[in-house]
Amino acid sequence: MATEAWQRLPLKAVAAISLRGVPSVASLVFAGFLYGYQPQLWPGPLAVYLIASLLIIRLVHPIYTWSTLRYAISEDSFVLTRGLIFRTTRTTSWRNVSVVDISSPWAFRRFGLGTISLRSGGQDDTKIDVPGIEHKVLDAIVELVRAHRTLNTQIAPSGSTATGIHNSAPELYVKGRPVLYTARKRDLVTANLIYGHVVALGTAAIITVADLASQLEVLDGVLHVLTSHPWSGGIVLGGAVLFVGSVASLVKYHGFTVTGDSAGLTISYGWLSTNHRDVKSSAVGGITARRNLIEMFLDRARVAILTTDSDAQMGTNMVLPSLPRLQVTQILTSSLPELPRPALLDSSGRASIAKSLAIFATVGALSLASGWVLHQLVGGGLILDAMGSALICSVLAMAVRRARAEISVVGASVGWASHSFADQEMVLAATSLHSVSAASLRTTKLSLVRAHYFAGRPKTLAALSFSPAVPHQIGQLVTESAPKIAVHRQRSTVKHPTAKEYIHDPR
């Protein structure tokens, strides 16, 4: 499917966007009734006008979006125009799209619609978002992006499907790619427990319920029951946090599936709202692997991939959940064979437990001792002493992490590692490097080596090194990879508008 005519969103997109906004509309209506019964609440009478304005905006927004948004799909590019008084037009070439995000919120799934985000860089100005597109159009967009990734890329036949994929992952997004990993419910709960997502989601849900109970004036009674039986209350509250967090994690990451081949990776997950993320291999500039103390004991690891839009993803991209180390190795070998694996994936994490515990104990003892000294000198209260100890602990932890960081050359890549409280390693492709710098005193061999690279925005890897050969080796990598960058650079072509594009008014 490829057309150069301007297209509207389907009319059912108005219903889908309106349905998605029902919770916020209900909240505004509830707030209106609340201020009607208790007008003394802040900010007083102004709240009625504020709520009414927000309610009107929320009700008009779906119709405004449908009536002012147009898009055009061609064999070479995607064009989006939106706005009524001030119109904005964005154009991106399929060849420059490095990441495709597709989500189907619960309201959109009822109408067979989804939202697509095309990313060609790390800044918001390079991102194109379109809500309410039909699945057949999303399928065409994904195929066009994959077809333009390399000149020799072949799109999978329309009848080919990957086997073993969870039912919640629509076939059109994983077509023709082998399944590398499908998470079980036990794996999802374990992974989210390891790095605190269950606690965060559960705590947020409990706070929301507590706020509702406060509005209904029953919170005082609940707190009285919990405080009268502190041990039982603590167990009940902790169990509620874990239970609600586990359910929220299962709903959010349901059907987590990783598919991939030499052309790229695709991650799909979600139950009420499905999410699909497709990244091409040529956009990957590096790999980051991590494991905390619990993951060391269970021999698991997490992986994040550095891509050209990493700035939009908190500095990394395509984060895999905490998986068994051997499964992580298999996924990387199958989908990114050209990048060397981080060294921590080659050995069990149990060997690092004793060292990590020793660092924990040392930093903890120094922090407590510093807090005691601070108490003797200042004589502050318990809260002030605790805050001082926490600040000292943070400073010591950062200093230990910096001091234990190492940078080296691994084949045609740069490796960075820090083994302290947790193990973290990064492998950066030479083609992602821009420059290298080293600063040192004349009287010592110790130098601060800084490797500068691009992942959504300019970033830096820094570590102390006693070897003067390290910055020299990294500099050679930058020099040797420069011709390859020039060879692989694809020149943009000027596309002349067709007669239809001249005649058709996008408004």
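None of the values given here were measured: they were computed from a predicted structure.
- In plain terms, the two heavy atoms of R290 and A304 that are nearest each other are NH1-CB, 4.0 Å.
- W94 contributes no side-chain N or O that, together with a main-chain N or O of F78, makes up a donor-acceptor pair within less than 3.5 Å.
- Shortest non-hydrogen contact noted between A16 and A107 is O-CB, 3.6 Å.
- Taking 4.5 Å as the limit, some side-chain heavy atom of I141 sits within range of a side-chain heavy atom of L118.
- Between I17 and F108 the shortest side-chain heavy-atom distance falls below 4.5 Å.
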Side chain to side chain contact (heavy atoms under 4.5 Å, CB included) assessment of D101 paired with H276: CA-CA 6 Å; D101 279 323; H276 309 272; over 6 Å; no
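- Using a 4.5 Å heavy-atom threshold, the side chains of I287 and L306 count as separate.
- When all heavy atoms of P10 and G132 are compared, the pair lying nearest together is CD-O, 3.3 Å.
- Residues N275 and S103 have side chains that never bring a donor and an acceptor to within less than 3.5 angstrom of each other.
- Note on R341 versus D346: salt bridge recorded, some NZ/NE/NH1/NH2 to OD/OE distance being below 4.0 Å.
- Atom NE2 of H434 has more than 12 heavy atoms from other residues, nucleotides or ligands within 6.0 Å.
- Under the 4.5 Å side-chain criterion, counting only non-hydrogen atoms from C-beta, V130 is in contact with L69.
- Between E75 and L144, some side-chain heavy-atom pair lies under the 4.5 Å cut-off.
- Taken from CD1 in I474 to OG in S437, the straight-line distance is 9.5 Å, to the nearest 0.5 Å.
- Distance check: M426 CE to T288 OG1 gives 3.5 Å after rounding to the nearest 0.5 Å.
- Taking NE2 of H61 as the start and CZ of R20 as the end, the distance is 6.5 Å to the nearest 0.5 Å.
- At a threshold of 4.5 Å between non-hydrogen side-chain atoms, the residues V258 and T266 do not count as touching.
- Between H452 and V436, the closest side-chain pair of non-hydrogen atoms is not below 4.5 Å.
- The closest donor-acceptor contact from the side chain of T68 to the backbone of Y64 lies under 3.5 Å.
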Steps toward side chain to side chain contact (heavy atoms under 4.5 Å, CB included) verdict (Y453, L461): CA-CA 8 Å; Y453 65 100; L461 285 179; 3.7 Å; yes
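- To the nearest 0.5 angstrom, L113 atom CG is 7.0 Å from H135 atom NE2.
- How far CG of L326 is from OG1 of T333: 10.5 Å, rounded to the nearest 0.5 Å.
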Check against side chain to side chain contact (heavy atoms under 4.5 Å, CB included), T115 and I133: CA-CA 6 Å; T115 297; I133 297 183; over 6 Å; no
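- Under 4.0 Å is where a charged nitrogen must lie from a carboxylate oxygen, and between E295 and R325 no such pair does.
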Test log, rule side chain to side chain contact (heavy atoms under 4.5 Å, CB included), inputs L332 and V303: CA-CA 9 Å; L332 296 180; V303 168; 4.2 Å; yes
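- By the side chain to side chain contact (heavy atoms under 4.5 Å, CB included) test, A15 is found to be paired with F111, residues two or more places apart in sequence or in another chain being considered.
- Side chains of R291 and Q424: no donor on one and acceptor on the other come within 3.5 Å.
- Counted within 6.0 Å of CG on L59, heavy atoms from surrounding residues, nucleotides or ligands total more than 12; the atom is thus considered enclosed.
- Counting only N and O atoms by type, the side chains of S24 and R58 include a donor and acceptor under 3.5 Å apart.
- Minimum heavy-atom separation, L433 to A451: CD2-CB, 4.1 Å.
- Looking at S67, its side chain does come within 3.5 Å of a backbone N or O of I63 through a donor-acceptor pair.
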Derivation of the side-chain hydrogen bond (donor to acceptor under 3.5 Å, both in side chains) call for E425 and H419: CA-CA 8 Å; E425 294 185 8; H419 303 281; 3.2 Å; yes
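- In this structure, the separation between CG on L323 and CZ on R300 is 6.5 Å, given to the nearest 0.5 Å.
- When every heavy atom of A429 is checked against every heavy atom of S413, the shortest pair comes out as CA-OG, 4.1 Å.
- When all heavy atoms of V470 and S465 are compared, the closest pair comes out as CG2-OG, 3.7 Å.
- Side chain of W66 to backbone of L9: a donor-acceptor contact under 3.5 angstrom is found.
- Annotation: side chain of R302 is in contact with side chain of N292 (closest heavy-atom distance under 4.5 Å).
- Between the T257 side chain and the G255 main chain, a donor and an acceptor come within less than 3.5 Å of each other.
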